[in-house]
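By convention in this document, chain letters (A, B, ...) are assigned in the order of the sequence lines, proteins followed by strands, and residues within each chain are numbered from 1.
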Amino acid sequence: MTDATQTRHVPDRLNSRAARIFKSWEALLLAVAIAIFVINSFASPYFLSAWNLSDATFNFTEKAMIAFAMALLIISGEIDLSVASIIALASTAMGLALQYGAGTPELVIIGLTVGVLCGAFNGFFVTVLGLPSIVVTIGTMSLFRGISFIILGDDAFRGYPSSFSWFGQGYIYWVFTVEMLLFVIIAIIYGVLLHKTNFGRAVYAIGNNPTGALFSGIRVQRVKFILFLLTGLMSGIAAVCLTSRLGSTRPSIATGMELEVVTMVVLGGVNILGGSGTIPGVVIAAFVMGLVTFGLGLLNVPGIVMSIFIGLLLIGVIALPRLWAMAAARRKS
Amino acid sequence: MSTRPAPPISPDVSPMVSMDMITKTFPGVKALDEVKLDLYPGQVTALVGENGAGKSTTVKILTGIYQPNGGTIRIDGDPISFATPNDAAKAGITAIHQETVLFDELSVAENIYIGHAPRTRFGLIDTVQMHRSAAKLLADIGAPFSSHTQLRDLGIANKHLVAIARALSVDARVVIMDEPTAALSHKEIEELYELVEALKSQGKAILFISHKFDEIFRIADRYAVFRDGAFVGDGRIDDISEGELVTMMVGRSVDQIFPQSDHEIGEEVLKVVGYEHPTEFADINFTLNRGEILGFYGLVGAGRSEFMQALFGITRPSKGVCRVNGDIKVIRSPADAVSNGIVYVPEDRGKQGAIIGLPIFQNITLPSLGKTSRSGFLKLAEEFKLAREYSQRLDLRAAALDQDVGNLSGGNQQKVVIAKWLATQPQVIILDEPTKGIDIGSKAAVHEFMSELAAQGLSVIMVSSEIPEIIGMSDRVIVMRDGRIAAELAKDDLSPETLVRHAAGITTDGAAA
Amino acid sequence: MTRYIPVRETILGGAILVLLLLISSRFSGFVAPSNLANVFNDTAPLIILALGQMVVILTRCIDLSVAANLALTGMAVAMINVAMPGLPIPVIIAIAVLLGAIMGAINGVLVWKLAIPPIVVTLGTMTIFRGIIFLISDGKWVNSHEMSPAFTDFPRMLLLGLPVLSWAAIITIILFGIMMARTQFGRSIFAVGGNPHAAVYTGIDVGKTQFWAFVVSGALAGLTGYLWVSRFAVAYVDIAGGFELEVVAACVIGGISIAGGVGSVGGAVLGAIFLGVVKNALPVVNISPFWQLAISGSAILIAVAFNARAGRTKGRIILKEAEAAQ
Amino acid sequence: EDDVRIALVVKALGIGFFEAAAEGAKEAAEELGNVEIIYTGPTDTTAEGQIEVINALIAQQVDAIAISANDTDALVPALQRAMQRGITVISWDSGVAPEGRQLHLNPSSNPLIGNMIIKLAADHLPDGGDVALLSATTTSTNQNIWMEEMNKVMGNYPGIEVVATVYGDDLADKSYREATGLMQSYPDLDAIIAPTSVGIVAAAQAVVDAGKVGEVNVTGLGLPSEMAGAIESGASKSFAIWNPIDLGYSATMLAYELSQNGVEATAGAEVPMGRMGSLTLDENSEGAMADPFVYDASNIDQFKSIF
Ligand SMILES: Nc1ncnc2c1ncn2[C@@H]1O[C@H](COP(=O)(O)OP(=O)(O)OP(=O)(O)O)[C@@H](O)[C@H]1O
Ligand SMILES: Nc1ncnc2c1ncn2[C@@H]1O[C@H](COP(=O)(O)OP(=O)(O)OP(=O)(O)O)[C@@H](O)[C@H]1O
Ligand SMILES: [Mg+2]
Ligand SMILES: [Mg+2]
């Protein structure tokens, strides 16, 4: 059409790869994580011990498993506040199955299935009925846990087989726990899924502009439904781990975990409004949160004071770079 | 052209507003580079330039939405700066922006008066007074709806009338119109012209931005030309010809003749039988052949877009079948349509077209990921290759392919959307108002490109409300009215009169049907 | 002409009536006027908070820190009361409103000046405010006998047969009705939430409007903080724990669109009353306590599904318009 | 450091009862001389939160953990790990399953408490009447045990009928609403028994607000400092509680004995606990500290400033 001399050459990239990485959120967060690690090891003589650090990973592994799926969901512009309640329901279902003599493999299958079903339930309301996910999952948050209460009442399920305790209490090698292994595997799977596949690209596209994504031939509702299923599945896996770790089920299990999961995702640099975020960011955020709670725990700081730190961290990590940029802009002008 | 009074002001009168050495940069883009612009009282200044030349950016600077990085703005010779849109409003500058910037949840009157509503003694909004004034404004511009209507119940064209009423609701000295006629029908455009004349006679300075040369030459007194963010020249409209203006704007001469298509029309590719939607359209039957450009004409709101979106799988028809290459295909989603080789370039670029937030190359490869990836895993190098190829074919203007598509001008965003679909190598491409808001240079390029596509054997459906474009480009035209097909016209039967007659439902004796 | 009848509010009002009918079939005393007045009184804090939350949600934000704000203000005024029992109640209320507004302003500034997403800001301040209660109270309770009688009696004082607590809700409803319909601020809130982009063009400062929305929400949370603590005559770290979700649920049931711009004072009030009726009815209709959570969860889902049906846009209806034109 | 570190882990910080227990623990520490008390607990009353606290304590290699558990079973694995690492673990107030601790200190014997709460109500109802229970959460172990014990002895109180059991979740507003609901559903209600310190306060307030002082008597387990107002207003005629200071004191003493003096927690063993005498363990390694003490208008002023 236009002659070649008129055609402009548009370069592929504006910034070099190194510059992009250096300026990234992950770099900042990693610096924070390292700082916390160093501070912790000075603040408490007990911090730098393999076994203690291993114990500390329990503070975040289960939450992080859900956080990876939640990250994708939030990037796509949705959210699931019912994850902790899914854990309760999945755990209750496992306990119920136990009463009917289920063995470890059956328990795991039931836990995961209930997780997926709960995810499907949320997904149905959001993608088929077109309701906002924050609202739907505030409802299912009560509903799922409510069903646990109906089934269990003031009772508890206990007496899980000893082989079942492997998931939440087992060690693979030396101080490395089964949960850590699961955490690493799931992190890699989600990292690849989000950053290296067509599905991940669709997630970003949907998060940035759902209408545009639909008009580009992406099956928006299907992708979102799958994301709800995945979040349910991860909650099911977390339910297996947590139930195995606690060795019993009560309907109040995992109360309040949803907000910690969301906090972890947001701290990891995922835009709560959708469209951007990375899995490495969430991984580092998981460590940051684990390190902060464990470090403060070693100093016997009360839990509620600890949560002040998490709150400040959440706001501070986002606010500081912006304040910095504002100050820099002011200095320039 | 109507009889236009000669500009009453002598050339040595001083400008009411003058912008000088104005620079505005965005990350990676210099949108304006030391431009100047003068607006004179009682005169219409037309600002022309290609897409992305910086016209809307200038408007936003004049209305306090953006702050320039350098340069001065003077009003009556006194330097002034606008920190907020309110400052500009206080200085007497009002604008009809390119995008309709209104509120669906508010009533028409509230849309007009939000921010400067009349108050009662207690400081509360005086709704009675507000509706009274709004009704008067609406009557002045001939708007056919009440001030109590909820804005969301209005169509695009009527919304635009509200935007115009809003601009007139403040007692401004400077009125800016950024492509005000893009969404209006013929009759409404005439009313707008009258309005402009009235404003002129009140001594207001008017900045008029348009890509339509006939209207520029009809209503403007002066012109100013920008190219790639730089000032090229200005002067009195009487001193310049259309061709000269185009050359100034594009930097070369542009053939404004529609490309004479030498494409061959082949066998039937698409056949639509009895398409029907419960509320939007009914009884749509037509065929489309290989290498054909099929025009869809109609008045704005005739339901062409609704039908095209059903054909593309966005909505589902309640009845009807669609055959592609003779086989019945069920299209339930855009993904189905794409896999059957039908693609759609939507009218609403910002919302339905480009995915703002994703880089250019990812926008281009989004529907072609199947081709650039291996078993579901991305291959970046392949993606860049594809994106490079198609951005070059469309002469995309951008800083880099990994730049956010949101930073491109409207016209360049449109190119990204077209590139995205061409990369899928479709059989049928539906272009919904493909040149709406596109500058004359790019417009010619799009037209040329369209016939090139047809020559390559692609079938094109072109929805357009511009009669010259419809007549110049189409091999065959379908006219829609009120959700139904009003006529199907062969190329030889096309004339502006026939098209308008069928579109408006006027019988040969001139009475409405 | 259907648009002149507020569809959502009518459906919700109907749902509340049906609910009351159902309850009265199991326990007729529930619909006695005196009991309904009690239910309203019990729901008053939720109504007040829901109105504040409505303003915030309308501007496309969300305030998850209301309950923590309420608890912190409540604890602060309770401690002030213990330290200075002679301080008159109007002063206490002024302090509560001011404290709440300051906390709201903190949220607002972070949203406005640093452009941090509201859900992140208020998630953070929610935990921070709770933590501060622990720090200032040292984890201790303030008990009823420590509070001055004037402090605890105020919300129960009867005016024209209704307690002051109920009046606080009624006055808030009236003020909000006027504010949302007839003031520049009220209309800006709809504009900002409905189309923030357009708001900028019309000279409405989006961030500033959101800031003031947070201040309003915070001030109401502060007011409720005093009312809550004096009504239950106790202040401790955990009061109103998790109440923020109930407040959001009330708004959502009331048809306030979480995407901003759509909603009404009537909707928020009815949404709160709906939840209030459910909560008050469950203990009296002899439903096992273990069923309560599931029932309120289902109520939210059903209400929301209904709302969505009622509010769905019906397309352009070209064919109908064409027929009508002929 | 040569101090003996004993961690007093509570259900959640900021509950008056546990603050008082911490006082007792400090008293014991002073008496013992070389003991450092770590008073800690999670943000809210969850088992997961307590596990995080326990992990931190294990890491610090404390000498003993004395815990009031949020969940009988869920803490067992974590506490077992603590014991494996040589840490003495006892539970007090709200117990842990036997596998997860060496001994459990009941504040009082469960049958005694069960009897006490119904007796407090019955004493003021010579002609019988309707009573209702307002518990904490449905999962609170100790509440459930006490109510069970109470049901066992109901036969001794003819004419007294329990018409309902409701749960206030240890939230003031929910307990208040539940109590209000009870008075509506059962207009002839004579007493509300709340064996929880949050619930009893809220119920008393609800009775005052409903204008039913004198009609409905609120009783159960509460703290004098929190209940002083209710006694004064007459909403509650009497209530009981064991002394939380003594409880914290005893728990600390027991933990010390087990960890430092090599005392074995076996069935029938008598473990000394300072000024509180000694604890006799049953076959579950459980023992009771003392009888609950009844507070009413005659003695409330004396105690309300203590705990
Ligand atoms: N907010 C922004 N961020 C980054 N770049 C921008 C922004 N707004 C405009 N630009 C860039 O500034 C240039 C001028 O854009 P502008 O919208 O003023 O063009 P225009 O002349 O109005 O074009 P059109 O005819 O397509 O409306 C373009 O290159 C565009 O990409
Ligand atoms: N009142 C309205 N409500 C909702 N969407 C509207 C309304 N009016 C127009 N639109 C949308 O705006 C776009 C432009 O509409 P337009 O006025 O061009 O009508 P249309 O149905 O597309 O008819 P045609 O394409 O024949 O002009 C379309 O995508 C249409 O769906
Ligand atoms: Mg423009
Ligand atoms: Mg159209």
For [X] versus [Y], what's the shortest heavy-atom pair and its separation?
X: Leu314(A); Y: Gly124(C); value: CD2-N, 3.9 Å
X: Gly297(C); Y: Ser142(A); value: CA-CB, 3.5 Å
X: Lys113(C); Y: Met326(A); value: O-SD, 3.8 Å

Inset, instruction - For the pair Arg145(A) (side chain) and Leu293(C) (backbone), establish whether a donor and an acceptor sit closer than 3.5 Å, ignoring hydrogens and angles. - result: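 Side chain of Arg145(A) to backbone of Leu293(C): no pair is present.
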Legend entry - Residue Phe309(A) excluded, over 12 heavy atoms near CZ under 6.0 Å: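 No, CZ of Phe309(A) has 12 or fewer neighbouring heavy atoms, counting only those of other groups under 6.0 Å.
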Legend entry - Proximity breakdown for Leu323(A) and chain C, heavy-atom pairs closer than 4.5 Å: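 Contact with chain C is through both the backbone and side chain of Leu323(A).
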Legend entry - Contacting region of Met306(A) [heavy-atom separation from chain C under 4.5 Å]: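 Neither part, no heavy atoms under 4.5 Å.
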Can you tell which part of [X] gets under 4.5 Å to a heavy atom of chain A, answering side chain, backbone, both or neither?
X: Ile253(C); value: neither
X: Ala303(C); value: neither
X: Ile300(C); value: side chain
X: Ser257(C); value: neither
X: Ile119(C); value: side chain
X: Val252(C); value: side chain

Legend entry - Identified side chain to side chain contact (heavy atoms under 4.5 Å, CB included) counterpart of Val304(C) within the set Ile138(A), Val135(A), Leu129(A): Val135(A)
Heavy atoms, side chains only, cut-off 4.5 Å: are [X] and [Y] in contact?
X: Ile116(C); Y: Ile315(A); value: yes
X: Val120(C); Y: Ile318(A); value: yes
X: Ile62(C); Y: Ile134(A); value: yes
X: Leu143(A); Y: Leu301(C); value: yes

Inset, instruction - Measure the CD1-CD1 distance between Ile132(C) and Ile308(A) for me, rounded to the nearest 0.5 Å. - result: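 Result: 6.0 Å between the selected atoms.
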Legend entry - Distance (rounded to the nearest 0.5 Å) between Met126(C) CE and Thr263(A) OG1: 7.5 Å
Legend entry - For chain C, the option from Ile150(A), Ile310(A), Val305(A) that forms the most heavy-atom pairs under 4.5 Å: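 The candidate making the most pairs under 4.5 Å is Ile150(A).
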